[in-house]
Amino acid sequence: MTKGCSFLAVMLVMVLVCNQMGASEAATCSASQLSPCLGALRSGSAPSQDCCARLKGQQSCLCGYMKDPNMKQYVNSPNARKVVGQCGVTLPNC
């Protein structure tokens, strides 16, 4: 294989890998994964370690949740801001 063909093959593989990574990240946005946080969101109590871990895993999804009419009341609530702060997650400016 020539250098040009090798380079093209490597670039094609990189594009395919990047596309697959983007698709898998988009598929992970699921508000149901935040179910361990429901108690803390409702009562304002301290979040569990599981809640914080899941919240950190969903951090890239928060803008979408903030814009979703069904979710924004929960994400924008005072208790949600408290939980997010206690978990060390920053709410994005969307």
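One is the number of the first residue; the rest follow in order along the sequence.
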Check step by step if side chain to side chain contact (heavy atoms under 4.5 Å, CB included) holds for Arg81 and Asn76.
-> CA-CA 7 Å; Arg81 294 184 185 281; Asn76 293 325; 3.9 Å; yes
Where the side chain of Tyr65 meets the backbone of Asn70, is there a donor-acceptor pair that is under 3.5 Å apart?
-> no
Is it true that Cys51 and Cys87 have SG atoms closer together than 2.5 Å?
-> no
Could you pull out the closest heavy-atom pair between Ser45 and Gly39, with the gap in Å?
-> OG-O, 4.0 Å
Contact check, side chains of Pro47 and Cys52, non-hydrogen atoms, under 4.5 Å | yes
Nearest 0.5 Å, what's the CZ-CG distance between Arg42 and Asn79?
-> 11.5 Å
Flag the pair Gln59 / Leu62 as yes when at least one side-chain heavy-atom distance between them is below 4.5 Å, and no otherwise.
-> yes
Donor-acceptor under 3.5 Å (Lys72 side chain, Lys67 main chain) | no
Does the side chain of Val89 reach to within under 4.5 Å of the side chain of Gln58, using non-hydrogen atoms?
-> no
Treat each ILVMFWY residue as a node, draw an edge where side-chain heavy atoms are under 4.5 Å apart, and state whether Tyr74 and Met66 are in one component.
-> no
How far does SG of Cys37 sit from CG of Asp50, to the nearest 0.5 angstrom?
-> 7.5 Å
Hey, what do you get for NZ (Lys82) to CG (Leu41), rounding to the nearest 0.5 Å?
-> 11.0 Å
Supply the atom-to-atom distance Leu34 CG to Met71 CE, rounded to the nearest 0.5 angstrom.
-> 6.5 Å
Kindly check if the number of other-residue, nucleotide or ligand heavy atoms within 6.0 Å of CD (Gln49) is above 12?
-> no
Can you tell me how far OG of Ser48 sits from CG of Leu55, rounded to the nearest 0.5 angstrom?
-> 10.5 Å
